[in-house]
Amino acid sequence: MSFTTLLVTFAISAALSGVVDGAAIQRRVACPDGKNSANNAACCALFPVLEDIQTNMFADSGCADAAHAALRVAFHDAIGFSSTDPSQGTGADGSIFIFAEQELGYDANLGIADAFNLEAPFIAKHNISVADFIQFAAAVSLTKCPGVLQPPFMFGRVDATAPAPNGTVPEPFQSAADILSQMQDAGLSASDTVALLASHSIAGADDIDPNAAGVPFDSTPSLFDTQFFVETLLNGTVSGNNKGQVPSPIQGELRLQSDFELAQDPATACLWQANVNNQASMARAFQQSFAKMQILGQDASSLVDCSDVIPAPPALSASQQQAFFPPGLSIKDVQQSCQTAAFPDLPTAPGAAVIIPSM
Ligand SMILES: *[C@@H]1O[C@H](CO)[C@@H](O)[C@H](O)[C@H]1NC(C)=O
Ligand SMILES: *[C@@H]1O[C@H](CO)[C@@H](O)[C@H](O)[C@H]1NC(C)=O
Ligand SMILES: *[C@@H]1O[C@H](CO)[C@@H](O)[C@H](O)[C@H]1NC(C)=O
């Protein structure tokens, strides 16, 4: 038998068995719309939603306000959950919108009205659960932000029949210990908490400083990069005195008290520092913890993996992956909190300190 025949035979038997080198070949199903295909026929229902929100909901299409709002509400909805106390909500269940009148009145959800106003008309138009819509929109929103790894999406959530109570969403003025124990109770470890906070790399505060909206947490709010973890470890010199806020290291940046405390807390300090200039590991950890968060309270075995419907996010260039000290700052400004590893060697960016605005 010639080499070519061997290859052909192998290719055919691999196709028949659906397995090559132990990895399953996904046989894609053609969707009834005649243009899309998916790994599971159930996922076809998501394409009209995807098309609509891409065109009309994320019309600005960048890693900016609409994307940030969609991501934020996904967490606020999901975290209404306790692994020990059923009265604390049923997780990623859509309750934040289904019971908006009640949940949007909680202090911690101040500002979630933006997400409600953004998403409600699209939820009304499409026949998927509110819970699924919220998490689907969040997964799609992430793909606007260069540096994110392919966001997962499981489909088939059951909607809430009751609101989550007041107090399930961590607040920026809570202590690190309180936040970690609340997250732990929901099923998210200290390392999941730090992993999920990579989202602050592409976020800003709307409701902390009454005189400024959308103040970013790092100097590159339109990139999912590791700058957030660098800049939260720099000595705060620019005052910020609102509730839940502490001084930040550069003008135009806002630091949450909770981010500062988690950066400094012995339980999380080394996890925090480990993300500095470690794009691949930060992005992978976020992807995994985000997957956990997205299905809190849901029966995972009854969900269908529709991650293949989520578009591929853009990558960071090599230079965008390089963490740096903002202009004028250096290792001397680092408030070292991890006792077991040296702070990575980083270059200082040239020029004057500036925030690169959201695209
Ligand atoms: C939620 O709880 C906070 C803190 O206990 C309290 O100040 C606030 O009034 C409560 N809000 C509602 C709407 O019950
Ligand atoms: C909505 O979707 C469900 C399945 O999730 C289906 O049973 C129902 O017929 C759909 N309704 C409409 C109006 O398409
Ligand atoms: C941090 O900044 C404050 C305020 O500018 C300053 O007093 C302090 O010396 C700085 N600490 C370090 C370690 O640089």
If I take atom [atom1] from residue [X] and atom [atom2] from residue [Y], how far apart are they, to the nearest 0.5 angstrom?
X	Y	atom1	atom2	value
F324	S319	CZ	OG	10.0 Å
R255	E231	CZ	CD	9.0 Å
D218	I202	CG	CD1	9.5 Å
N275	C270	CG	SG	11.5 Å
K292	L196	NZ	CG	9.0 Å
D159	F99	CG	CZ	9.0 Å

Give the cluster check for [X] versus [Y]: same hydrophobic cluster or not, with ILVMFWY residues linked at side-chain heavy-atom distances below 4.5 Å.
X	Y	value
L118	L50	yes
I179	F217	yes
L104	F133	yes
F173	L197	no
L296	V169	yes

Parallel, tilted or perpendicular: rings of F153 and F155 (30°, 60°): tilted
Between F228 and H200, what is the ring plane arrangement, given parallel below 30°, perpendicular above 60°, and tilted in between? perpendicular
Could you check whether Q273 and Q336, counting side-chain N and O atoms only, form a donor-acceptor pair closer than 3.5 Å? yes
Going by distance alone, is a donor N or O of one side chain under 3.5 Å from an acceptor N or O of the other, for D305 and S307? yes
May I have the step-by-step check of side-chain contact (heavy atoms from CB on, under 4.5 Å) for V148 and T143, ending in yes or no? CA-CA 7 Å; V148 165; T143 69; over 6 Å; no
Quick check: does any side chain N or O of [X] sit under 3.5 Å from a backbone N or O of [Y], one acting as donor and the other as acceptor?
X	Y	value
Q321	D225	no
Q322	L346	no
T168	Q88	no
S337	A263	yes
Q287	Q150	yes
Q294	Q135	yes
N277	A323	yes
T226	F229	no
N36	C31	no
T193	L180	no

So for atom CG, which belongs to D345, do other residues, nucleotides or ligands contribute more than 12 heavy atoms lying within a distance under 6.0 Å? no
Mind checking whether [X] and [Y] have side chains closer than 4.5 Å, heavy atoms only?
X	Y	value
F290	L71	yes
M183	I79	yes
V230	F325	yes
R28	D308	yes
E253	P326	no
S87	P165	no
I96	F116	no
F286	S199	yes

Paired with F136, the side-chain contact (heavy atoms from CB on, under 4.5 Å) test is passed by just one of V140, D132, I134, namely V140
Chi angles and distances behind the side chain to side chain donor-acceptor pair (under 3.5 Å) call for S95, D93: CA-CA 5 Å; S95 69; D93 59 0; 3.1 Å; yes
Checking side-chain contact (heavy atoms from CB on, under 4.5 Å) for the pair L149/R284: CA distance, chi angles, key distance, verdict? CA-CA 7 Å; L149 285 184; R284 197 175 334 103; 4.1 Å; yes
Under-4.0 Å salt bridge between D114 and R72: no
Assess the residue pair F97 and V73 against the criterion (side-chain contact (heavy atoms from CB on, under 4.5 Å)); give the C-alpha distance rounded to whole Å, side-chain angles, the decisive distance to 0.1 Å, and a yes or no. CA-CA 9 Å; F97 285 169; V73 68; 3.7 Å; yes
Would L329 and I250 count as a side-chain contact (heavy atoms from CB on, under 4.5 Å) if you check the C-alpha gap in whole Å, the side-chain angles of each, and the deciding distance to 0.1 Å? CA-CA 9 Å; L329 302 177; I250 51 179; 4.1 Å; yes
